[in-house]
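When a residue number appears, it is its place in the shown sequence, counting from 1. We count ligands from 1, going down the list as the structure has it; atoms in each ligand are counted the same way.
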Amino acid sequence: MSSHVATGAHDMYTRARRWLAGGVSSSFRAAVEPEPLFLDHGQGAHVVDVDGHRYLDCALAWGPLILGHCHPAINAAVRTQLDRGHMFGAQHELEGTVAERLVAAIPCADLVTFSNSGTEAMQVAVRLARAATGRSLIVKFEGHYYGWSDSLLVSYHPSLAAMGPRENPHPVLGTGGQSSAVLDEIVVLPWNDTQALEEALARHGSNVAAVVMEPILYNSGVIAPKPAYLEAARAITRRYGALLIFDEVITGFRVALGGAQELYGVVPDLAVYAKAVAAGFPLSVIAGRQDVMELMATGTVAHSGTYNGNPISLAAANAALHELSRPGIYPRLMTMGRRLADEARTLIARHDVPALVHQCGPVMQILFTDQVTVASYRALAACDSVLSARLARELRLHGVLILPDGRWYLSTVHSEEDIQEALGALDASLSRHPWR
Ligand code: PMP
């Protein structure tokens, strides 16, 4: 374990706070303990901070770096494009090339369109659903994050006290300054509960434009859908004439080339991709059914943005999709994720820690709890988040970065030795405290 002097980072943070609100560029990054990370460089599966500490990176910039840092194919594609022009505000060939690759890979995609972040793309998807159905209500789920827009940042991480009864949850605003008018257009439900969805659509169905979900609840506890839940959501939405929208911002290009819809064989009407699609460059994608996506083509639904389809992000996406299409990529990511989780379970049992290890594909989270299963946000909210944050801090001291909420991400460049290094750090971290 390093002595972990962080003088450079501390000074930079102190200086930045004089001019940069909060000293960070995204409020989630302020949650990194004991202080926000200041990185100097990264290569492959490792990063080095401004004080010279080297870490195994299992945070992957919150998900995008599916190919690790400075992947040679991505860097080469971006360098080539830089010399040809980095911004056009007009059409260029890569847009069609990348769109063709995406339509081939994503089951629900008859057409795609580009924007820059998951938040923006989710906003477009919801707008398309309202325009396609002529209805206003959006059904979303407790603990699900679809970006920070006013209309969707509802009941992301509410306290148990604020959530109201399970059968009829209160929608809870996510931030100061948010319009409370959005509460009239949103219905919040517990996820992974077919009956709750069935009842909500029976009650509100004729006014529901869309049911929106993360098909794997990565944002809150790495929770898999219960068997047949996604299929039921598909059938119920179809019956009531509402669109099914999958937020594949994390699942996309991570659990399969076509995302969770490929893995589970359930095809939504619309899906949104971001993070891994351009392996770390800002790009998001809305993919969907011809008749719905055509609403943009005809101008019924506005979709604009100065940086949409920018050549740098598309050059990165073109190279990323090429790399991710190589045979064996996803089976390997799945195997590595399972191995990390299996061995983490062994360590947790050996250290007699009351915890569950959740893993879907190359993402893992350790939940500190006495519960036998955690299949919903309410169950997650009853887990010990203080211990999760402590584990993230402890692992950082032992040279492994994970997200502050306890999520671990693996990339295509993590090796067998890296997994062993990560498990060694977990073993050492679990030795250091009573984890109860
Ligand atoms: N949806 C999900 C599932 C996400 O995890 C995120 C980002 N964490 C978003 C939407 C928003 O994406 P962005 O941060 O690119 O706006």
### Task
Report the relative orientation of the aromatic rings in Phe141 and His144; use parallel for angles under 30°, tilted for 30 to 60°, perpendicular for over 60°.
tilted
### Query
Under 30°, 30 to 60°, or over 60°: which ring-plane class applies to Phe28 and Tyr145, parallel, tilted or perpendicular?
perpendicular
Under 4.0 Å, heavy-atom basis, I'd like to know which part of [X] is in contact with ligand 1: side chain, backbone, both or neither.
| X | value |
| --- | --- |
| His144 | neither |
| Asn219 | side chain |
| Tyr145 | both |
| Ala274 | neither |

### Query
Is the centre of the Tyr377 ring less than 6.0 Å from the centre of the His157 ring?
yes
#### Entry: Ring centre gap for Trp191 and Tyr229 strictly below 6.0 Å
yes
### Protein heavy-atom partner closest to atom 1 (N) of ligand 1 - residue, atom, separation in Å
Asp247 OD2, 2.6 Å
### Summary
Among non-hydrogen protein atoms, atom 13 (P) of ligand 1 lies closest to Gly118 N, 3.4 Å
### Query
Between Glu248 and Lys275, does at least one N-O distance fall below 4.0 Å, as a salt bridge requires?
no
### Query
If you measure from OG on Ser313 to CG on Leu94, what distance do you get to the nearest 0.5 Å?
11.0 Å
### Query
Is there at least one pair of N or O atoms, one from Lys275 and one from ligand 1, spaced under 3.5 Å apart?
yes
